Amino acid sequence: MAATKPTAKAAASTEAVKQITYLAGALKAPRITEAAARLADQSRDAGWTHEDYLAAVLEREVSARSASGAQLRIRAAGFPAPKTLEDFDFDAQPTARQQIAALASGGFLTEARNVVLLGPPGTGKTHLATALGVAAARHGHRVLFATATDWVTQLTDAHRAGKLPQELTRLRRYGLIIVDEVGYLPFEQDAANLFFQLVSSRYEHASLILTSNLPFSGWGGVFGDQAVAAAMIDRIVHHADVLTLKGASYRLRGRGIDSLPSNRTTTDQTES
C-alpha cells in the first residue's frame, strides 16, 4: 500500500495542474499556470498557507499584466523614441531635478494638472515630456504624443469631416496628451482656434504636457491673435507646473558652437 501513495499523489497533482491550466485559460490568464507550477515547491518548502500561495500566484499575474499593459500603452502613445528619466542628464538642468521627480509620480494626472516645458532648442524639453509620458503609461494612463503641427492637422481633418466634437470627446478619454514644439511654426487663425478648442476641452478634465522654445509672451505671434493666446495660456497655466530649461543645446556639445541663433533671444525673453 505504501508504494501506491506516491503514484496516487502524483496523479492528483497532475489532475490539479490540468484543472489550473483549464481555469487559467478560461480566465484568459495563461501565466497563472506557469506561476502556480513555479511557486508550488517553494510554497511547500517554506510552509506557506493556502492564502499565501494564492496571493503569490495572483501577484505574479497582476505584475505581468501591468508590465504588458504598460508596454502596449507606450507603443500606442506615438513617442518619436522611447525616453526615460534615468536617461536624462540632470547635471545640465539641475534646477529641474526635484520638480520632475515629483511629476514622475503621476499625481498631476489625477488632478488634471498640466506641465509646460519652456526653453531653447536642445535643452531636453522633448526628452522630459516623453519620459513623463512613459512614466504616466506605466502608472496605467493612456497617453498620446504629437507635435503641435500634427495635432492641428488632426483637428483640422476632424473639423472638415464634421466630427470635431466627437474627436475632442475621444481625446478626453486619454489621461495625458503631449503637445511638442509649440512655437516652431506659426498657425493660421483657423488652426489657432482649433488648438484653443483642444486646450479648452481638457481644461480641468485631463492633463496636457506642452513644450515650447518661446516664452508665453511670444505665443501671440504663434497663434496670430493675442486674445486667443491669452485665453489659451490662462487655461493652461491655471493648474500647471511650468519649468524653464536653460543652457546651450546638448546636440552642440563638443562641436565648438556655444549657442544656436535663437538661444540668447529665447532665454532673455523667458527671464523677462
Side-chain angles (χ1 to χ4, degrees), residues 66-67 70-71 73-75 77-148 175-184 206-219 233 236-237 239-272:
S66 296
Q71 287 305 311
R73 287 188 292 273
I74 290 169
R75 285 198 295 269
F79 297 120
K83 301 285 186 180
T84 66
L85 294 177
E86 291 74 17
D87 300 330
F88 189 77
D89 181 11
F90 279 103
D91 290 337
Q93 301 291 342
T95 59
R97 188 190 300 270
Q98 186 173 354
Q99 200 166 1
I100 291 295
L103 292 170
S105 68
F108 75 100
L109 295 163
T110 61
E111 299 173 0
R113 292 179 59 83
N114 302 318
V115 177
V116 184
L117 299 164
L118 304 175
T123 49
K125 301 183 300 298
T126 299
H127 186 138
L128 288 175
T130 300
L132 289 174
V134 168
R138 288 174 176 168
H139 285 304
H141 298 278
R142 299 173 70 199
V143 183
L144 284 178
F145 179 106
T147 64
L176 175 62
I177 281 180
I178 301 174
V179 184
D180 197 28
E181 300 181 349
V182 175
Y184 282 80
S207 298
L208 288 164
I209 293 180
L210 303 98
T211 75
S212 179
N213 64 319
L214 296 175
F216 290 126
S217 60
W219 284 29
I233 293 168
I236 291 171
V237 303
H239 307 291
D241 292 274
V242 181
L243 290 79
T244 300
L245 308 182
K246 300 179 181 179
S249 170
Y250 70 89
R251 302 183 189 95
L252 303 183
R253 293 176 189 172
R255 298 179 180 272
I257 303 174
D258 293 332
S259 64
L260 295 170
S262 63
N263 221 6
R264 181 173 299 278
T265 299
T266 303
T267 303
D268 291 345
Q269 287 179 328
T270 303
E271 293 174 344
S272 61

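The model shown is predicted, which means the values in this text are computed figures rather than measured ones.
- Within the model, atoms CH2 of Trp219 and CD1 of Ile233 stand 6.0 Å from one another, a figure rounded to the nearest 0.5 Å.
- Proximity of Leu103 to Leu128: side-chain heavy atoms (C-beta onward) are nowhere separated by under 4.5 Å.
- The closest donor-acceptor contact from the side chain of Asn114 to the backbone of Ile236 lies under 3.5 Å.
- Here Gln98 contributes atom CD and Phe90 contributes atom CZ; the two are 11.5 Å apart, rounded to the nearest 0.5 Å.
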*Would Val182 and Leu214 satisfy side chain to side chain contact (heavy atoms under 4.5 Å, CB included), going step by step from the backbone distance to the final call?*
CA-CA 8 Å; Val182 175; Leu214 296 175; over 6 Å; no
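- Panel note: side chain Glu181, backbone Ser212; no donor-acceptor pair is recorded below 3.5 Å.
- In summary, of the residues considered (Ile177, Leu176, Ile209), a side-chain contact (heavy atoms from CB on, under 4.5 Å) with Val143 occurs for Leu176 alone.
- Side-chain N or O atoms of Lys125 include one that pairs as donor or acceptor with a backbone N or O of Gly119 at under 3.5 Å.
- When atom types are taken as modelled, the side chain of His141 and the backbone of Thr110 share no donor-acceptor pair closer than 3.5 angstrom.
- With rounding to the nearest 0.5 angstrom, the CG atom of Leu245 is 11.5 Å from the NE2 atom of His127.
- To the nearest 0.5 Å, atoms CZ (Arg97) and CG (Leu85) are separated by 11.0 Å.
- Within the 3.5 Å criterion, the main-chain N or O of Val134 finds no donor-acceptor partner in the side chain of His139.
- Side-chain atoms of Thr123 never come within 3.5 Å of backbone atoms of Lys246 as a donor-acceptor pair (strictly under, hydrogens ignored).
- Of all heavy-atom pairs spanning Phe108 and Ser207, the tightest one is O-OG, 3.4 Å.
- With values rounded to the nearest 0.5 angstrom, Leu118 atom CG is found 5.0 Å from Thr244 atom OG1.
- The line from OG1 of Thr126 to CG of Leu117 is 8.5 Å long, rounded to the nearest 0.5 Å.
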*Are Thr130 and Ile178 close enough, and set up right, to give a side chain to side chain contact (heavy atoms under 4.5 Å, CB included), and what steps lead you there?*
CA-CA 8 Å; Thr130 300; Ile178 301 174; 5.8 Å; no
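- Considering every non-hydrogen atom in both Ala112 and Ala206, the closest pair reads CB-N, 3.8 Å.
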*Residue pair Phe88, Ile100: steps toward the side chain to side chain contact (heavy atoms under 4.5 Å, CB included) verdict*: CA-CA 11 Å; Phe88 189 77; Ile100 291 295; over 6 Å; no
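- Contact annotation: the side chain of Thr147 never approaches that of Tyr184 to less than 4.5 Å [non-hydrogen atoms, C-beta and beyond].
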